Amino acid sequence: MDHKRHNGSRLMGGPSQAKRGKTMGEWEDSPSQFEEELSMFEEADMDAEEMEGQAGHDVIPVGDLFSADLNPRWRRPPAPSLDPSSDTLVFQQIDLDYYLAGMPGQSQGKVPIIRMFGVTDNGNSVCCHVHGFAPYFYVPAPNGFMSAHLVEFKKELNSAVLKDMRSNKDNISVTVLAVDITRKESMYGYHGKHIIDFLRITMAMPRLIAPAKRLLEQGFKFAHFPTSNYQSYEANIDFEIRCVCLRKRYKIIWKTWWRDENDRYRLNTQKEASLCQYEVDVGWKDLISHPAEGEWQRIAPLRVLSFDIECAGRKGIFPEPDKDPVIQIASMVQRQGETEPFIRTVFTLQSCASIVGSQILCFTQETKLLQSWAEFLRTVDPDIITGYNIQNFDFPYLLNRAAALKVNYFPYLGRVRGIKSVLKDLNFQSKQMGRRENKTINMEGRVQFDLLQVLLRDYKLRSYTLNAVSFHFLQEQKEDVQHSIITDLQNGNEQTRRRLAVYCLKDAYLPLRLLLKLMCVINYMEMARVTGVPLTYLLSRGQQIKVVSQLLRQATKQDLVMPVVKTEGGEDYTGATVIEPEKGYYSLPITTLDFSSLYPSIMMAHNLCYTTLLQKGSVEKLGLAPEDFIKTPTGDLFVKSSLRKGLLPEILENLLSARKRAKAELKKETDPFKKQVLDGRQLALKISANSVYGFTGAQVGKLPCLEISQSVTGFGRQMIEQTKQLVESKYTLSNGYQADARVIYGDTDSVMVKLGVATVKEAMDIGREAAEWVSSHFTPPIKLEFEKVYYPYLLINKKRYAGLYFSSSASTHDKMDCKGIETVRRDNCPLVANLINTCLQKILIDRDPQGAVEHAKEVISDLLCNRIDISQLVITKELTRTAQEYAGKQAHVELAERTPSTCWRTTFPLTHNTTWSSSCPNLSKQKRATTHAVKLREAPVLAAKLCSRQMVCVCNFHLLYFSWCFGK
DNA sequence: GTTATCGCCTAA
DNA sequence: TAAGTTAGGCGATAAC
């Protein structure tokens with residue numbers, strides 16, 4: 001075999017060198033680096049295989065082969081046989097869903113069966129059918145209800161639901177499986193341990209809950225009881241959440257290991273409904289779950305598959321699945337916990353020269369390529385599938401292409417036999433993320449972990465192209481292949497196709513590397529474990545579900561039930577205070593004091609919860625004494641924890657103690673990247689804790705309670721005001737301090753104090769002391785902490801400031817901290833961000849405002865003389881957005897070539913002789929709008945935007961400058 | 001020519 | 001059917 005590197009990257013009429021920016025010079029080396037990396041894998045494999053036996057061929061010659069020549073390592077390790085009478089099956093659950101099936105021994109009627117998927121320590125896949133758990137909800141029992149009435153109630157409700165059904169394609173005859181009486185209490189409002197009878201209504205299917213709830217709410221009559229409108233409880237809980245949550249009572253936590261109890265599971269040998277190696281049936285009660293502690297914290301060797309496809313598009317047209325073929329699919333598979341992929345494969349259309357370290361399968365027919373890849377996927381049987389934008393591009397394209405070519409066996413990508421993977425459009429909308437159109441593909445038992453979606457959720461980046469992201473996190477980039485030449489490469493020879501294959505492989509490899517580096521899988525599992533939400537929900541749903549799940553878990557322990565409230569948008573409530581800033585440049589240390597986790601600690605300190613809320617008239621009705629409850633700044637009443645401890649405070653305590661642990665680990669950790677990850681985790685827990693407050697204020701949500709949220713912000717407003725007064729009253733000349741302290745700014749939970757001391761050390765010492773002293777005025781766990789000193793400090797406006805950040809040491813600053821300024825905003829072009837950044841550095845670090853002026857002038861002059869690279873002028877976010885409208889990641893590359901900005905550069909040189917220097921210093925607010933001397937009558941809109949933004953940057957610069965000179 | 005409002009993004 | 005919160009700066013734009 002030829003082990004020499006095939007340098008197939010030199011092409012006749014190859015890619016235009018002109019397109020390359022100056023920073024891309026090092027790309028020249030990158031292909032060989034990646035290929036060397038690949039060949040290293042090969043060596044490692046050979047060592048391993050001397051023990052294992054044969055491996056697959058490097059290149060399988062052109063031909064339309066399949067299964068006969070499978071690479072043996074594609075399969076999972078053989079599953080040791082288990083004896084149901086003596087062995088237990090232990091596995092880590094990674095996904096769950098449910099299906100409907102006829103109950104044995106019952107001729108008609110279907111019941112839901114939970115299907116759990118998981119992996120054993122040995123790396124064998126498991127499908128576990130859990131029987132005997134049905135969805136249910138509650139309504140309060142009417143007055144005078146006795147157990148003798150249960151039969152009648154059930155019968156009436158059952159027939160009402162049946163009658164309500166428009167069609168009955170499942171031929172359901174029994175909708176209500178059971179009704180029983182349980183002692184429960186509503187979690188909404190305190191009513192003095194008032195436990196009452198509730199009817200627990202168990203339905204045959206999850207989707208029957210909604211109609212039953214509606215019928216009961218609209219007015220339901222049975223037996224001699226009068227028609228009444230029943231308020232329903234917990235009727236809006238997803239079934240998956242329900243079954244995970246309920247088991248929480250028995251210490252089941254998501255992401256745990258399951259085994260049967262008393263060896264009572266059966267191997268399900270007849271059904272083989274899934275592709276898993278073990279398939280078992282188990283009763284709900286016979287399932288044991290282990291909290292993720294000690295040995296159960298370990299993670300099974302999950303199989304993570306990353307893939308990327310290439311299509312041969314037509315010139316200038318985005319590939320369309322009904323016309324343009326899929327020419328390559330690269331796949332990499334790695335076991336969770338290992339550092340290298342053990343499968344590296346490219347499926348190619350037409351021949352392809354060998355690539356050391358990867359297996360190439362060549363096909364002459366595209367249909368065979370697609371079908372074989374699907375078979376490959378089913379054989380590898382990954383638990384997690386990743387890639388870059390696979391959710392909205394690769395998978396939809398493959399499915400549509402397979403449909404267009406009538407590859408009938410393609411779209412079965414899940415683990416359940418006979419379930420077709422279908423493409424659906426999904427509109428996801430939230431205030432946080434705006435409207436987002438997504439596609440979804442069902443893939444039972446596998447978790448789709450699209451890295452782009454993860455990054456969009458968790459990281460705020462200027463650009464989300466795979467190239468930019470890889471550079472940002474890995475300092476590595478894609479193989480240099482211009483998108484426009486892909487078709488040419490395909491139509492070339494086996495060497496050009498080899499080049500394409502290397503490119504494609506790298507695009508499959510990078511997501512895997514990123515996933516590992518960012519520790520996404522582990523972090524998401526942790527989040528799932530903490531909140532009790534299935535892994536897939538974390539990527540497909542919003543923040544609320546996490547709080548609901550925790551709330552429900554906590555509530556169930558105390559026999560509290562959650563009401564269904566109708567969602568209606570109401571009045572907004574008052575939020576936090578932002579102290580009016582004393583704008584200017586401070587060449588003195590400024591001490592910053594923060595309340596740590598302000599809102600959560602307010603809720604804990606004052607026991608704010610649904611369960612402690614006193615609704616109108618409750619005080620009188622329950623005969624409460626004044627010392628039993630508190631009145632919040634907004635006038636709402638809550639009972640003290642001596643009467644009842646709230647659920648929300650409990651949840652928050654859990655989250656914050658988890659955060660403390662993470663922070664402690666962070667301190668011990670030395671590896672800078674793991675540190676970053678731990679930091680990310682503690683941040684996630686903080687965000688989770690903060691979203692508890694957000695949840696109560698979400699008026700279009702599962703359980704809004706404005707009394708709680710407005711009380712929280714009310715306390716917050718009071719506290720920041722009080723903090724300001726306390727600090728300014730104690731740290732005064734008359735009390736023997738160096739100066740009268742002054743709170744120059746503060747936002748929500750922090751105050752910036754000018755103590756009048758000259759050194760950072762003094763500012764820190766007094767800061768620590770002040771924090772402790774102020775804390776003593778508040779109820780624990782509310783705590784004001786000294787966090788940092790800014791020196792010098794430039795305060796531009798509310799939510800806009802910069803300063804050198806001193807925290808760990810009094811002698812050297814940790815960083816230059818910028819808040820809200822152009823440097824941190826993604827709606828500015830890089831030129832503006834860089835210019836402001838440099839100016840700030842000159843002002844704050846070099847203390848050279850004149851240098852800042854010079855620099856700005858220089859940049860502006862470069863701009864006007866057209867000496868600025870176009871990449872500096874493009875707002876990447878806008879490009880990304882436009883690219884998303886094209887609905888494909890390859891559009892990113894396309895756009896780089898096709899974006900009108902390149903045209904503007906030639907047709908619209910930035911040569912306007914603007915009057916920026918004379919007009920900008922007049923910074924009277926409204927006048928500034930008129931200083932846009934550039935009147936761009938014929939220019940494209942975006943170009944105009946860019947120009948004016950540059951003007952803005954100049955104006956801002958002057959603001960900085962004048963703040964420095966005059967603002968004190 | 002000012003002034004209210006919207007879109008976007010950030011601070012907390 | 002599902003969607004964490006409010007405060008606030010700043011540019012663009014429509015309305016007066």
Side-chain angles (χ1 to χ4, degrees), chain A residues 207 210 236-238 426-436 438 460 462 537 540-548 567 569 571-581 583 592 594-600 683 686-706 708-710 712-714 716-717 720 745-752 787 796-801 817-828 832 875 877-878 881 923-932 936 941-942 944-953 955-956 959:
Chain A
R207 69 173 164 83
N236 54 352
I237 308 298
D238 301 88
L426 195 73
N427 262 347
F428 185 87
Q429 183 181 340
S430 83
K431 268 190 191 164
Q432 186 185 301
M433 297 191 270
R435 197 172 290 120
R436 190 164 288 170
N438 268 325
K460 297 200 157 189
R462 281 206 144 79
Y537 276 35
S540 64
R541 304 279 293 269
Q543 299 289 329
Q544 290 208 37
I545 192 74
K546 295 195 271 189
V547 185
V548 169
T567 58
E571 293 275 292
D572 281 357
Y573 60 92
T574 314
T577 301
V578 184
I579 296 175
E580 193 57 43
K583 299 175 208 173
T592 304
D594 287 57
F595 285 103
S596 52
S597 305
L598 178 70
Y599 287 174
L683 200 70
K686 180 182 170 172
I687 289 166
S688 273
N690 283 339
S691 53
V692 171
Y693 151 75
F695 176 79
T696 66
Q699 298 186 44
V700 190
K702 280 258 158 72
L703 197 60
C705 181
L706 295 198
I708 296 175
S709 38
Q710 71 183 2
V712 169
T713 57
R717 289 193 298 274
I720 195 170
Y745 180 58
D747 185 346
T748 312
D749 63 352
S750 65
V751 286
M752 275 53 163
E787 205 179 62
I796 297 171
N797 214 333
K798 281 182 176 177
K799 297 183 192 288
R800 305 190 121 231
Y801 60 83
D817 205 17
C818 300
K819 290 290 161 71
I821 305 175
E822 275 68 16
T823 50
V824 297
R825 291 182 67 94
R826 297 174 299 169
D827 51 357
N828 284 272
V832 172
I875 301 171
K877 195 72 208 297
E878 306 235 344
R881 194 190 320 284
L923 283 171
S924 100
K925 261 201 169 176
Q926 290 296 336
K927 283 232 166 92
R928 197 165 51 207
T930 65
T931 58
H932 295 167
L936 304 162
V941 180
L942 187 54
K945 239 184 191 170
L946 290 173
C947 280
S948 59
R949 280 200 190 277
Q950 272 119 44
M951 293 305 112
V952 169
C953 114
C955 294
N956 270 323
L959 176 59

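Small disclaimer: the values here were computed from a predicted structure and weren't measured. Lettering follows sequence order; numbering is per chain, from 1. Side-chain atoms are counted along with the backbone in the values below, which use heavy atoms only and exclude waters and symmetry mates.
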Q) Between B/dT10 and A/Arg826, is there an OP1 or OP2 to side-chain N/O distance shorter than 4.0 Å? A) yes
Q) How close or far is atom P of C/dA2 from atom CG of A/Leu703, stated in whole angstroms? A) 15 Å
(Q) Base, sugar-phosphate or nothing for A/Gly694? Non-hydrogen atoms, less than 4.0 Å. (A) base
Q: Figure out the CG/C1' separation between A/Asn690 and B/dT10, and round it to whole Å.
A: 16 Å
Q. Which whole-number value in Å describes the distance from A/Leu426 CG to C/dA2 P?
A. 11 Å
**Q.** Rounded to 10 degrees, the angle between the two terminal axes of the helix from B/dG1-C/dC16 to B/dA12-C/dT5, each from five pairs
**A.** 20°
Q.
Looking at A/Thr713 and A/Thr574, would you say the former's side chain and the latter's main chain have a donor-acceptor pair under 3.5 Å?
A. yes
Q: Would you mind reading off the distance between A/Ile237 atom CD1 and C/dA2 atom P, rounded to a whole angstrom?
A: 10 Å
Q. From A/Leu703 CG over to A/Ile708 CD1, what is the distance, rounded to the nearest 0.5 angstrom?
A. 8.0 Å
Q. Counting only side-chain N and O atoms of A/Lys799, is one of them less than 4.0 Å from OP1 or OP2 of C/dA7?
A. no
Between the protein and nucleotides 5-7 of chain B, list the N/O to N/O atom pairs that are separated by less than 3.5 angstrom.
none

Q.
Rounded to whole Å, how long is the line connecting atom CG of A/Asp594 with atom C1' of B/dA12?
A. 10 Å
Q) Under 4.0 Å between a side-chain N or O of A/Arg800 and OP1 or OP2 of B/dT10? A) no
Q. Expressed in angstrom and rounded to an integer, what is the separation of A/Asp749 atom CG from B/dA11 atom C1'?
A. 9 Å
(Q) On DNA chain C, does the nearest nucleotide to A/Lys702 precede the nearest nucleotide to A/Thr574 from the 5' side, or the other way round? Give the residue. (A) A/Lys702
**Q.** Pairs touching residues 688-697 of chain A that satisfy side-chain hydrogen bond (donor to acceptor under 3.5 Å, both in side chains), sequence neighbours left out
**A.** A/Tyr573-A/Tyr693
Q: Using salt bridge (charged side-chain N to carboxylate O under 4.0 Å, His left out) as the criterion, point out the one residue from A/Arg717, A/Lys819, A/Lys799, A/Arg800 that pairs with A/Asp747.
A: A/Lys799
(Q) Strictly below 4.0 Å: does A/Asn797 bring a side-chain N or O up to OP1 or OP2 of C/dG8? (A) no
Q) Contact class for A/Tyr599 (heavy atom, under 4.0 Å): base, sugar-phosphate, or nothing? A) nothing
(Q) Between P on B/dA11 and CZ on A/Phe595, what's the gap in Å once rounded to a whole number? (A) 21 Å
Q. Side chain of A/Val824: nearest nucleotide among C/dT5, B/dT10, C/dC10?
A. B/dT10
Q) B/dA12, C/dG4, C/dA7: which one has an atom nearest the side-chain heavy atoms of A/Lys819? A) B/dA12
Q. Toward the 5' end of DNA chain C, which comes first, A/Tyr693 or A/Val578, by nearest nucleotide?
A. A/Tyr693
Q. Over how many whole Å does the gap from A/Asp747 atom CG to B/dA11 atom P extend?
A. 10 Å
